[in-house]
Amino acid sequence: MFNYDINTADKPSLYEDLYTACEAITAGEEDAIANMANVAALLWQYIPDLNWAGFYRMKNDALILGPFQGKAACIHIPLDKGVCGKAASTGEIQCINNVHDFEGHIACDADSVSELVAPISDNDSNIIAVIDLDSPTANRFDEQDVEGISRIANLLSDRISI
């Protein structure tokens with residue numbers, strides 16, 4: 001059984017504690033799906049105001065749904081579509097204040113308004129997955145969220161190699 005003491009009083013504490021929990025829960029585990037599932041559960045449990053938290057995996061030059069928490073989601077995302085596709089194709093984190101203003105947005109959940117997507121690269125700098133966070137609130141994510149999720153994405157680079 002895992003029990004984490006995660007301080008949600010402020011974002012720096014939240015992300016420091018989440019990083020430590022993600023590091024602990026994935027340490028020594030070689031199964032990528034198991035690691036993504038546990039990290040998705042931690043993100044969902046502790047990051048406030050989310051309606052979706054999970055992963056898309058790179059497979060055959062497209063993103064395929066991975067472990068997540070939230071409503072049923074789109075299964076296949078082409079690299080030229082949506083916030084996830086842009087993050088995977090550019091290798092750059094995407095922090096979108098209002099997805100309805102994002103050209104090419106894919107509406108998997110009509111309740112989602114803002115989105116944060118962080119690409120995960122392997123040791124050869126190939127994108128292997130993305131972390132995707134959705135919120136029903138506009139402007140939900142800020143620079144502290146970007147930094148915290150980027151750090152977790154970097155941690156996972158050699159823990160979810162597929």
Enquirer: Does Asp145 come within less than 4.0 Å of Arg140, counting only side-chain N to carboxylate O?
Expert: yes

Enquirer: With a 4.5 Å limit on heavy-atom distance, are the side chains of Ile152 and Leu43 in contact?
Expert: yes

Enquirer: Please tell me whether Asn51 and Ser112 have a donor and an acceptor in their side chains that are separated by less than 3.5 angstrom.
Expert: yes

Enquirer: What is the minimum heavy-atom distance between Ala88 and Leu79, and which atoms define it?
Expert: CB-CD2, 3.7 Å

Enquirer: Do we see a donor-acceptor contact under 3.5 Å between the side chains of Ser161 and Asp122?
Expert: no

Enquirer: Can you tell me how far CD of Glu115 sits from CZ of Phe141, rounded to the nearest 0.5 angstrom?
Expert: 8.0 Å

Enquirer: Under the side-chain contact (heavy atoms from CB on, under 4.5 Å) rule, what do Glu92 and Lys86 come out as? Steps first, then yes or no, please.
Expert: CA-CA 8 Å; Glu92 298 173 358; Lys86 184 169 184 182; over 6 Å; no

Enquirer: Mind checking whether Ile149 and Leu133 have side chains closer than 4.5 Å, heavy atoms only?
Expert: yes

Enquirer: Going by heavy atoms in the side chains, are Phe55 and Leu156 under 4.5 Å from each other?
Expert: yes

Enquirer: Counting heavy atoms not belonging to Glu143, are there more than 12 under 6.0 Å from its CD?
Expert: yes

Enquirer: Which atom names give the shortest non-hydrogen contact between Phe102 and Gln94, and what distance separates them?
Expert: CE1-OE1, 4.5 Å

Enquirer: Report whether Leu42 and Tyr15 are members of the same hydrophobic cluster (ILVMFWY, side-chain heavy atoms less than 4.5 Å apart, transitive linking).
Expert: yes

Enquirer: Side chains of Glu16 and Asn7, heavy atoms from C-beta outward: is any pair under 4.5 Å?
Expert: no

Enquirer: Strictly distance-based, threshold 3.5 Å: is any side-chain N or O of Ser13 a donor or acceptor partner for the main-chain N or O of Ala9?
Expert: no

Enquirer: With rounding to the nearest 0.5 angstrom, report the CG to OG1 distance, Asp31 to Thr26.
Expert: 12.0 Å

Enquirer: Which value, rounded to the nearest 0.5 Å, describes the distance between Leu63 atom CG and Ile75 atom CD1?
Expert: 13.5 Å

Enquirer: Would you mind reporting whether Tyr56 and Ile64 have side-chain heavy atoms less than 4.5 Å apart?
Expert: no

Enquirer: Report yes if some heavy atom in the side chain of Ile128 is under 4.5 Å from a heavy atom in the side chain of Ile160; otherwise report no.
Expert: yes

Enquirer: Just wondering, do Gln69 and Gln45 contact through their side chains at under 4.5 Å, heavy atoms?
Expert: no

Enquirer: Is there a path of hydrophobic side-chain contacts, each under 4.5 Å between heavy atoms of I, L, V, M, F, W or Y residues, that connects Ile120 with Ile25?
Expert: yes

Enquirer: To the closest 0.5 Å, what do you measure between CZ (Arg57) and CD1 (Ile127)?
Expert: 15.5 Å

Enquirer: Between Ile77 and Gly85, which heavy-atom pair has the shortest distance, and what is it?
Expert: CG2-N, 4.0 Å

Enquirer: For a quick test of reading the model, state the closest non-hydrogen atom pair linking Ser114 to Asn97 and the distance between them.
Expert: CB-O, 3.4 Å

Enquirer: Check whether any side-chain heavy atom of Ile93 lies under 4.5 Å from a side-chain heavy atom of Val117, and answer yes or no.
Expert: no

Enquirer: Minimum heavy-atom separation for Ala27 to Arg159, with atom names?
Expert: N-NH1, 3.4 Å

Enquirer: State whether the side chain of Trp52 and the backbone N or O of Lys71 hold a donor-acceptor pair below 3.5 Å, judged by distance alone.
Expert: yes

Enquirer: When you group the ILVMFWY residues by side-chain heavy-atom contacts below 4.5 Å and let the links chain together, are Val113 and Leu116 in the same group?
Expert: no

Enquirer: Between Thr20 and Asp17, is there a side-chain donor-acceptor contact under 3.5 Å, judged purely by atom types and distance?
Expert: no

Enquirer: Can you check side chain to side chain donor-acceptor pair (under 3.5 Å) on Asn154 and Ser157, steps first, answer last?
Expert: CA-CA 5 Å; Asn154 289 335; Ser157 65; over 6 Å; no

Enquirer: Could you tell me which non-hydrogen atom of Asp158 sits nearest to which non-hydrogen atom of Leu155, and how far apart they are?
Expert: OD1-O, 3.4 Å

Enquirer: CG/Asn38 to CD1/Ile33 distance, rounded to the nearest 0.5 angstrom?
Expert: 12.0 Å

Enquirer: Are more than 12 heavy atoms, taken from residues, nucleotides or ligands other than Asp10, located less than 6.0 Å from that residue's CG atom?
Expert: yes

Enquirer: Say you draw a straight line from SG of Cys22 to CZ of Arg151; how long is it, rounded to the nearest 0.5 Å?
Expert: 10.5 Å

Enquirer: In plain terms, say whether Asp142 and Lys11 are close enough for a salt bridge, that is, a side-chain N and a carboxylate O under 4.0 Å apart.
Expert: yes

